Amino acid sequence: MPRTEPIRAVRGVRDILPRDRSLWRAAERAAAEVATRFGYQEIVTPIIERVELIERVGEDTDAIAKELYRFEDRGGRQLALRPEATAGIVRAYFEGGLNQGPQPARLYLFGPMFRYDRPQKGRYRQFYQFDIEAIGSASPALDAEVIEIARGWLNESGIPELKLELNSIGDGVCRPAYLDRLRDYYRPLEEKLHPDCQRRLETNPLRLLDCKVPQCQPFKAGAPRITDHLCEPCSQAWTQVRRLVESAGIEYVHNPYLVRGLDYYTRTVFEFYPAGASGQQDALASGGRYDGLAETEGWPSTPGVGFAGGFDRVVEVMAASGVEVVAAPAAEVAVLADAGLDHEAANIARICRAVRSVAVDYEAKSLAAKMRSAAKLGARWVVLLSADEAARRTARLRDMASGEQVEVAWDELPERLSR
Ligand code: AMP
């Protein structure tokens, strides 16, 4: 039966069209260049993972359950579309034997992530991240290193003005006692908190600190700060990370309310925002240390640190800040032949491709219309071919900027086009 409506894209996802790809490509190129300069190597992990890998390590358990794309495959396996990259990269680090190689393994990844979130501007159900992970070292110098990579990437993508927020959330040694203090502080205020925070008070008190609901805001300022209650090793790491970040010339603000909700996150947490961002604006990149993650996945305890940056948001900020990337023409050379000469046109194109990008116009339309299409493509040259010329293996080469036109033998075209 014929359909009445054309088939459109799924809600919350979008196409990145060729006209937008040049900005994306600039952001991707900057990411790969900065990562490579710091000695990070590319890794690609699958988009599908076992659901346990994601659910065991998932962000806030509720949020992950709500946002996870999960499905059963034809073999009855419970699978998920990855909502983030770190869990998969840590899995690959062990399965691929990278834990046996030089430590830390310095890895980067580009790729789509999936979250069944409410679609809105800057928030998509399929979005793209740049992920950096340094796995196998607890050195605070690596925390500073990944921060420097994030800054370098954003700067080189054309976003010079950034705000870095930094905090430490301690570890399994000092955090439990701090959480008791935090509960003690909040318990007398319980009635005044909104219901989610009342629940968090017992289940996940750290998340009280990053609650955005207005009714809970007045109580934050008086809450104990974890950075005042770190154990000695965490305290030394916190001092060192800040010192190293400062000596890299990176300004930061200490945000004592910047936290992560799961036990496997340790010590450093950070987020980069565009400068001037206020209120609830989303981060361009966020990261931190996850020394407990490998164990949560069932592997030997192994420290790690990294960040995830969002290409979708970075490209939006690039566009809004007027970053312009000169888009390469779809083809530098357009071949326009008279009717019946498709074969010859294809041969000429093949010859010219030795030196230039070439598109042939095979449409049955007037020469004038073909010339207009060639101009739209951004072609610098047009090769015109008539039956006569084809018989002599020559063609007319036209320079689109000057309008100058010369007859050239096919074999001489590459030399002409390389000038
Ligand atoms: P997260 O993994 O939640 O820490 O996110 C890391 C980065 O990915 C964020 O700073 C955003 O730039 C980007 N990001 C996260 N969720 C989305 C989304 N739904 N749509 C677009 N970008 C996102």
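Sequence positions, counted from 1, serve as the residue numbers for this chain. No experiment lies behind these values; they were computed from the predicted model shown. Remember, it's 1-based here, ligands and their atoms both numbered in the order they're listed.
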Are I149 and F307 packed together at the side-chain level, in the sense that at least one heavy-atom pair is separated by less than 4.5 angstrom? yes
Report, in ascending order of atom number, the atoms of ligand 1 lying under 4.0 Å from any heavy atom of [X].
| X | result |
| --- | --- |
| A308 | 6 (C), 7 (C) |
| A285 | 10 (O) |
| G122 | 20 (N), 21 (C), 22 (N) |

Which protein heavy atom lies closest to [atom], and at what distance to 0.1 Å?
| atom | result |
| --- | --- |
| atom 8 (O) of ligand 1 | Q129 NE2, 3.1 Å |
| atom 11 (C) of ligand 1 | R313 NH1, 2.9 Å |
| atom 4 (O) of ligand 1 | S286 OG, 2.7 Å |
| atom 20 (N) of ligand 1 | Y124 N, 3.0 Å |
| atom 14 (N) of ligand 1 | F127 CE1, 3.6 Å |

Taking N or O atoms only and a 3.5 Å limit, does [X] qualify as a polar contact for ligand 1?
| X | answer |
| --- | --- |
| R115 | yes |
| A283 | yes |
| E84 | no |
| D117 | no |

Is the charged tip of [X] near the ring of [Y]: under 6.0 Å from the six-membered ring centre and within 45° of its axis?
| X | Y | value |
| --- | --- | --- |
| R151 | W153 | no |
| R125 | F114 | no |
| K163 | F272 | no |

So does [X] pair up with [Y], basic N to acidic O under 4.0 Å?
| X | Y | value |
| --- | --- | --- |
| D171 | R289 | no |
| R123 | D282 | yes |
| R225 | D228 | no |
| K121 | E316 | yes |

Just to be sure I read this right, does ligand 1 sit under 4.0 Å from the backbone of M113, its side chain, both, or neither, counting only heavy atoms? neither
Quick one: does L284 get a heavy atom under 4.0 Å from ligand 1? yes
Donor-acceptor side-chain pairing of E232 and Q236 below 3.5 angstrom: yes
We want to know whether E332 and S357 form a side-chain donor-acceptor pair, criterion being a heavy-atom distance below 3.5 angstrom. yes
Could you work out, for atom 13 (C) of ligand 1, the closest of A150, G310, A85 by heavy-atom distance? G310
